[in-house]
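This is a predicted model, so every value here is computed, not measured.
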Amino acid sequence: MSDNASKSANLPALTKQVSELVLAGSLQHAEEAFSQAADEHGDYAVAEVLATLPPQVTALHLAGFDGAKTSLATMLVPPKAWAESLAYLAATWPDNMIEDDPERIAEGLFNHVHGVVYATDDEDRRHELLQEASATDHGATVFAILWSLAPKEIMEVAGEINTKGRYVTGQTSSDSDIVPLAIDLAKASEDGWERSLIELFPEFRHSNEMAEAEFPDDPDEDPDFQQRSTRDLLYRLRKQVPSVRTMPRRSTRKSMGTDIFS
């Protein structure tokens with residue numbers, strides 16, 4: 001049997017093994033299975049298994065890792081498989097935490113997204129991850145949840161992107177780890193960036209309309225425009241968790257503009 005045929009023959013068994021370990025809560029053992037597969041068959045085998053795992057299983061596994069924990073799955077998950085798994089992350093959150101501590105969930109979600117997107121130095125992979133993740137309706141909601149942690153800075157950087165294009169510096173009124181991710185999303189997918197903004201600020205139809213919008217200086221004062229709260233967005237994502245009998249599909253929302261970085 002050829003080496004490639006051997007790999008293919010082992011994939012169904014490895015996929016079944018990893019699924020059972022993840023569903024049993026043995027994330028470390030699942031990682032050990034991935035590591036052994038990589039040693040025997042190369043990174044290709046791990047990526048292939050992650051591409052064939054049900055997205056809810058992928059979500060359950062990746063939810064156990066963030067930027068502080070290294071994971072082969074985080075580094076090798078195919079962009080499309082990761083994008084599909086994002087919808088199921090909301091199913092891993094305790095019901096009462098959305099209501100009582102939405103910012104903590106959103107910060108954990110940021111750590112997850114940041115950990116996957118920046119797991120390697122491969123810029124092409126980073127762009128592909130961001131393109132795939134933002135191409136779905138639930139992906140737009142995921143990024144809006146992240147932006148809701150720093151809405152003023154996000155609106156500032158949206159204005160800078162509109163005026164400076166690819167020469168954007170990302171300098172805002174305060175330092176935020178979220179701004180570099182926002183700029184990378186805008187560079188990877190203008191459409192995904194625009195839709196994530198409108199998911200956060202539903203009053204606007206395009207980022208150009210935000211040019212005159214400003215946040216009040218008093219943090220206790222509400223802005224003059226509608227902004228969805230972190231809690232509201234978390235509930236919106238929870239409603240988008242697909243039934244395990246249906247697979248997530250790419251968004252049918254239309255593209256929203258021309259290349260802002262051209």
Side-chain angles (χ1 to χ4, degrees), residues 11 14-34 37 46-98 101-102 104-119 125-126 128-146 181 185 192 196 199 230 233-251:
L11 286 178
L14 181 57
T15 301
K16 183 173 184 292
Q17 179 191 12
V18 168
S19 291
E20 290 174 350
L21 288 169
V22 171
L23 293 173
S26 301
L27 302 189
Q28 199 56 50
H29 289 121
E31 275 293 306
E32 289 169 6
F34 279 138
V46 177
E48 283 293 297
V49 170
L50 288 164
T52 55
L53 280 177
Q56 62 270 26
V57 176
T58 302
L60 201 57
H61 184 65
L62 292 177
F65 300 92
D66 57 31
K69 300 176 186 175
T70 57
S71 159
L72 265 180
T74 298
M75 292 188 288
L76 297 173
V77 62
K80 186 169 180 59
W82 179 57
E84 290 178 345
S85 76
L86 284 172
Y88 293 90
L89 285 177
T92 68
W93 301 329
D95 292 338
N96 62 333
M97 195 181 286
I98 294 180
D101 203 354
R104 182 179 168 190
I105 293 178
E107 287 165 2
L109 183 60
F110 171 76
N111 288 337
H112 168 76
V113 171
H114 192 277
V116 172
V117 171
Y118 298 103
R125 173 175 165 80
R126 185 182 309 156
E128 193 177 349
L129 285 162
L130 291 168
Q131 287 167 358
E132 289 287 352
S134 63
T136 59
D137 291 348
H138 63 259
T141 305
V142 165
F143 285 109
I145 290 168
L146 308 187
L181 177 65
L185 174 60
S196 69
E199 181 73 357
T230 303
L233 288 163
L234 290 170
Y235 279 127
R236 280 174 69 81
L237 186 62
R238 173 63 70 86
K239 290 176 182 176
Q240 294 178 64
V241 176
S243 162
V244 293
R245 293 184 298 275
T246 63
M247 290 296 288
R249 292 185 295 273
R250 291 181 73 86
S251 170

Taking side chain as C-beta onward, heavy atoms only, is [X] less than 4.5 Å from [Y]?
X	Y	answer
Leu60	Gln56	no
Val57	His61	no
Ser134	Ser196	no
Val46	Leu50	yes
Leu234	Thr230	yes
Gln17	Leu14	yes
Phe110	Leu181	yes

If every non-hydrogen atom of [X] is compared with every non-hydrogen atom of [Y], which pair is closest and at what distance?
X	Y	answer
Leu62	Ala73	CD2-CB, 3.8 Å
Ala59	Ser85	CB-O, 3.3 Å
Leu129	Val77	CD2-O, 4.3 Å
Pro242	Ala87	CD-CB, 3.7 Å
Val116	Thr74	CA-CG2, 3.7 Å
Ser19	Pro54	OG-CD, 4.1 Å

Mark yes or no for whether [X], through its side chain, and [Y], through its backbone, hold a donor-acceptor pair below 3.5 Å.
X	Y	result
Arg125	Ala119	no
Thr92	Tyr88	no
Thr136	Glu132	no
Gln240	His138	yes
Glu31	Ser71	no

Look up atom [atom1] in [X] and atom [atom2] in [Y], then write down how far apart they are to the nearest 0.5 Å.
X	Y	atom1	atom2	result
Asp137	Leu237	CG	CG	11.0 Å
Leu72	Phe34	CG	CZ	8.5 Å
Lys16	Leu21	NZ	CG	10.5 Å

**Message:** Going by ring-ring contact (aromatic ring centres under 6.0 Å, His included), name the residues that satisfy it together with Tyr235, two or more places apart in sequence or in a different chain.
**Reply:** none

**Complete:** Contacts of Arg238 meeting side chain to side chain donor-acceptor pair (under 3.5 Å) (sequence neighbours excluded), chain-then-number -> Asp95

**Request:** Give me the ring orientation class for Trp82 and His112: parallel if the planes are under 30° apart, tilted from 30 to 60°, perpendicular past 60°.
**Result:** tilted

**Message:** Taking side-chain contact (heavy atoms from CB on, under 4.5 Å) as the criterion, tell me which of Val241, Thr58, Leu109 meets it with Leu89.
**Reply:** Leu109

